[in-house]
Structures are given as structure tokens and as C-alpha cells.
Amino acid sequence: MTTTGAETGLPSASLATAPVAPVVPARGARRMLGLGEVTITGGFWADRQRVNGEHTLSHIGDWLEREGWIANFDLAAAGGLPQGRRGREFSDSEVYKYLEAVAWEVGRLDASDPARAAELEQRADAVVARVAAAQQADGYLNTMFGREGQAPRWSQLEWGHELYCLGHLFQSAVAWQRVRPTSHKEIVEIARRSADLVLEAFGEAGIQSVCGHAEIEVGLAELGRALGRPEYVAQALLFVERRGHGVLADIEWGRSYYQDDIPVREAVVLRGHAVRANYLAAGAVDVAVDTSDEDLLTALVSQWERTAERRTYVTGGQGSHHQDEAFGEDWELPSDRAYSETCAGIASIMFSERLLLQDSGENVARYGDLVERTLYNVVATSPQADGRAFFYSNTLHQRVPGAVSDPDVVSPRARSALRAPWFEVSCCPPNVARTFASLAAYIATADASGVQVLQYAPARIATELSPGRAVELTVETEYPARGVIRVRVDAAPSGPVTLSLRVPAWAAGASVRTITGDETPSQSRAVETGMVSVTREFAVGDVVELTLPIVPRFTAPDPRVDAIRGTVVVQRGPEVFALESVDLDGTALEGADFADLFVDTSVALREVGSGVTAGVTAAVRRRGTSEVADVPLVPYHSWANRGPSSMRVWIPSS
Ligand SMILES: [Zn+2]
């Protein structure tokens, strides 16, 4: 597959009018529509955005205070370090990710709830002022290094996370710059000064090494785009090119842990720590795009292909090693050892989305499919329904019911039996928060010819394809409970416009039709999976209606995944379902050993009711007996919301 590098046909957006989106490449086949252009108006994702905004952000802010991770900046400013510093070496980054989440939330609420947006902005400004006070005269900013009694700056690149923290600072600054392009936010100036110092310290003539945890690459590249500073992108490229040559020390898990074993452009698959690998890949796409490096981009596309095929769980989760939070070998995807860190899922979405923006067209739907699978089955799984507890790792098989987490106590990071309010390593909660707050940017893209709707939610879309060519659309759908997606045209320019919709790979039998004011509806026509397009001169009120077959289905695993041979998974639309032990209560199988159960695939799955939180029952039998029961399965993202239970995604089959 090659990429065209085709221009969007759009006027190169001035920095003040760039889309309010996390990724705005210098060129591309299509561009993300930002928060000012897309509003999610209801349904599955709007519910999560609301809980995120009303509960999760304040929950995170409270824990950052309570654990002293914001106060570390106060101590730094007052000369109180290193005594009194609390949290791990990377705790600064959680403050930056929280600030990024608040920025996107402000952008999301600007039009609908300006009072709340202003309140959040004020709260963020107060935190930023505390961060600012800790920045040293030459731009250095980190609460863990560089003072008397602390290790010197840049002296522990393997584990110190200094550049990693700055990467998150830069992404946060990008969010504020795009949400408030004319306000001269203080965080943007903090980031600029830090970035200038990084260039001085790690430039061509500087320290010839990289950070053990990739992230600075993606942060620097986007900051360069947001501020019109191509030298930041060039520095990101330097970091990408340096890694893989053994510039970091060897460690017990090998240099593959931090992707320092093979240069990025020579690697054939993602390996090592799954979050690091995906952040690096996302940053490498950014620099490949902005420097027109087609070879690097092609290498990344093939790494994505193999990783998606062979190193990704059915949920979209990645990482099957607990000890180093890492990818296993090809096909090494055991359910009960799934690490599938929430952050790895988010990082994978970052990588996929960047490739989606560059693809000539052929693979757009595949990238969109993995983004969707991961959003529904990893990102949506992490937070508890109330938005105040999270999964860090996301197992696909819980053998023994876990213990309830104390809502007042910090958990070790990797407990996956039940969600916990906060972790010693708490990367995942603010990562979920920033993703939900910016989710509108993942709904649709545009190019000069039209709009591509990639993720389905009730939404309003309003953009310009080129100056004066405004398009406004309303998306109506009950997805993922129902498969009908209606895209109504509220405004369209004269001349032909192309509306494209993603038909997921699972949606064999999908159909599309157009309904126009002056004609009877066109005949539904069957469409292949991939992208389906309708090109015409649209009038106000015209509708393009896509129907996806949302019916529960059994899927058998690839036999090369040894650990799940003889099992099946139930899916409906984009959602993966799970068998949870609490659902045996009141059936003939109440109290049965969970390990003895199997699903009878000769009995059709049934849909019950209209809800999206239950909705599918399967015939479950107990091995060695004739007991059988109709047991409801729950969407995997909603498991463990009813107390301790056993759970499995891949179920032994008859
Ligand atoms: Zn995490």
C-alpha cells in the first residue's frame, strides 16, 4: 500500500483557525474535523462524555491534589525538593494530561455551556500557574531531577521519564493553543520554553540519546505544528531516528522494551512495552508525514498491519505480558494473561488515527475499524459507570472474583478484577479523560470533495470543504444498539459533494440508500465492507441512510492463537460480549463452577429487550451434566459493574 500525500485542497489553516483537534498534520489525504465542527449530541458516547465532564475530571483533580502530585510543583518553586516530593518519577505527566483533558472539555462545552467552560478554564489556569512557578530560568521543568539532592538533569534517560513528561506537557499546550488560539495561554509559553531547551540539550550537537518512554516525539511534532515551529518537528524526527541503535542501556527485558533494539524504519512489528511502542509509532507517523518520508510511512503501515493481525486482542487491546507491560510474540494472546493496558488502547488509537488521515482510501475503513473496536472494548471498559474508578489492565478472563477496591485507597496498577479509584501509576484515568473529552474529533474527516463519517454517534457536523463551500450534516442513529445510520444534509454547496461512510469489516450484508425530497427513496443497494460513498449535488433535507446488520454473532478464534482454541466469542456490531458469573444467578446453573461452562453454538443467540447493557442470551451448558440455561451476556465494557464476578470473553464451545 502506498500513500498519496495528496493535499486536502483546503486553504492551509492559519494557526489561529486550525481545527480544534489533537492531530493537524502539515499535509494529508483528509483532515480531522475538530471540536468546533463536530458535536456528539446523544447516545453511547455522549453519555460517557457527560460523565467524564461532570465526574471524572473533578475526581482526577482531587486525587492529583490528594496525592501531592500538583503540590510537587509548589515544592519545586519554594525550594522544598527533594524532601517532601510525592509520587513516582513520572507523576508530573498526570498533571499535564489532566490539563489536556480540561482543555478539550472547555472546547467541547464552549458553545453549549459557556459558564461551565469558563469555570473549568479558571480551574486549569490556577493549576498552570503552579506549574509555571516550578519552571527554571532556562526552561527546565521537572520535579524529580536537577536540584541539589536530586539526580542531575537528563542523567537517567532509561527510567527518568523527563522527556516523556514534557511530551505530555506539549500535548496539553497544543490542546489549549487550539481551544484558545488568541488568548496567549500561559501553558503554551511554558511548553515553548521547555521545547527550546530540549532542542538545545538534545539537538544535532547535543546528547545523542532518547527517553526510555517515547512520547516526546508525538508531543514535539504536534507542538511544532500548533506553533508554526518546524524545528520542533525536526527534533522529533531526530528522536525517532536515534532510537533503535542501542543508545539506551540494556536491561533485563532487553532494549526491545523501549524500542531501542531496531530502528523504527527497519522494524516489522510493534514490540516491547505496548504504550511506548504505540506512542513512538504515532510520533513517527507525524514526522514521516511532515517531512514527506514515504519510506518511513510505508514501514509504519506494515508494522500496523502485522500488529493488528497478530498482536491485538479481539477487544482491540494490546499487550499480553504483565511483567513488562509488553507485546508478546505473534499469536501470543492468552485471555487470562491479557494485560491490555487502557493506555495501550488509547495509544493504538493515536497510531491508527494518524495512518487513517494519510491513507489514500483503500485502508481508511480498516484503521477506523480498529479505532472503533478499541474505543468500545478498551477505552469504554476502563471507567466505572460513575466515572470514578478505572481499569488499568483489561483482562479477557477473570477466573476468580476480585475484592472490592476501597474508594479511598490507591491501588497497585495492574489489578484487573475490579475498577479502582486511583493507582500508584495512574496514567490511565487522565488518558481516558482526555480521549473522551476530544472524542468528537474522531467522528469525521473531510477533504475537498466531501465528508467521511468514520465513527457513528448522533452528531452535528458543520464544516467548509473549501472557502465558501459549507456543509452541515446531522447524524441520527441508535448505534451500537441499532444499525441504521441516517446522515441528513442541512446545508450543502452547489456542485457535487461526496458523503462517505465506513462499513465495518463485520458488517457483511450492509446496505445504503439515498432519500431526497423530490424523489422516492432510491432502492437500497448492498455494499461491500470498506468505505461506501454517495456523490451528488445534495439539497437540504437529503438523507444518506446506511444500514449495518447489528445481530449477535459467534466468532471463532484464529487457530494460531493456541490459548483460545476451542472457544468462541460473541459480538454484536462493534461490541464484544462477556459471560459474567453474576448472570448465572437465578438460572439452572447458579453456583456452577465457572470453569465447567461452555456455550452451545448450535443454539442461536437471542436478542432480548432493547437495552444495550444486556440484550443477548446464549445457551450455556455445564460439562458432564444435562443442565442448560439461557444466560444473558453483557457487553464487555460493562462487566464488573455489579460487584465481584468471574468473567470470560472467549467461551469454550460445544
Ligand atoms: Zn496507563
Side-chain angles (χ1 to χ4, degrees), residues 22 52 56-57 59-60 63-64 67 69 87-101 159 161 164-165 167-169 171-172 211-216 218-219 257-259 270 272-283 312-313 315-327 337-351 374-375 377-384 387-396 405 410-438 637 640:
N52 187 55
T56 303
L57 290 178
H59 174 87
I60 292 170
W63 275 96
L64 290 171
E67 290 301 301
W69 299 357
R88 292 287 301 270
E89 60 276 24
F90 36 73
S91 65
D92 293 1
S93 71
E94 313 312 350
V95 178
Y96 304 146
K97 256 188 288 182
Y98 162 72
L99 289 170
E100 182 188 344
W159 300 106
H161 289 78
Y164 165 85
C165 288
H168 280 302
L169 170 70
Q171 287 185 309
S172 183
C211 185
H213 199 315
E215 162 64 23
I216 184 87
V218 78
Y257 172 77
Y258 29 51
Q259 298 77 43
L270 298 196
H273 189 277
V275 182
R276 294 167 201 241
N278 276 290
Y279 281 170
L280 175 64
T312 303
Y313 285 99
T315 53
Q318 296 182 348
S320 54
H321 287 188
H322 281 237
Q323 66 167 10
D324 50 351
E325 307 187 304
F327 284 102
R337 296 298 297 157
Y339 194 70
S340 181
E341 182 180 340
T342 302
C343 287
I346 290 168
S348 155
I349 289 169
M350 289 165 57
F351 181 27
T374 312
L375 280 173
N377 302 297
V378 179
V379 186
T381 306
S382 176
Q384 193 163 280
R388 293 189 171 101
F390 306 84
F391 278 132
Y392 184 114
S393 59
N394 294 277
T395 188
L396 274 68
S405 293
V410 175
S411 283
R413 67 183 175 206
R415 262 171 49 178
S416 53
L418 286 168
R419 296 169 180 87
W422 199 247
F423 304 91
E424 288 163 12
V425 177
S426 222
C427 45
C428 300
N431 225 348
V432 170
R434 69 175 180 154
T435 305
F436 281 170
S438 60
H637 57 72

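Both ligands and their constituent atoms are indexed starting at 1 by order of listing. We use all heavy atoms of the structure for the numbers below, so side chains are in, but hydrogens, waters and symmetry mates are not.
- Phe327 is linked by a ring pair (Phe, Tyr, Trp, His ring centres under 6.0 Å) to nothing, counting only residues two or more places apart in sequence or in another chain.
- With Val379 as the fixed residue, the side-chain contact (heavy atoms from CB on, under 4.5 Å) test singles out one of Thr342, Ile349, Asn431: Ile349.
- Tyr392 and Glu325 share a side-chain donor-acceptor pair at under 3.5 Å.
- Considering only residues two or more places apart in sequence or on other chains, Arg388 meets the side-chain hydrogen bond (donor to acceptor under 3.5 Å, both in side chains) condition with His55.
- For the side-chain hydrogen bond (donor to acceptor under 3.5 Å, both in side chains) test, residues two or more places apart in sequence or in another chain that qualify with Thr312 are Gln318.
- The tally of protein N/O/S atoms under 2.8 Å from the Zn ion (ligand 1) stands at 4.
- A salt bridge links Lys97 with Glu94: the distance from a Lys NZ or Arg NE/NH1/NH2 to an Asp or Glu carboxylate oxygen falls below 4.0 Å.
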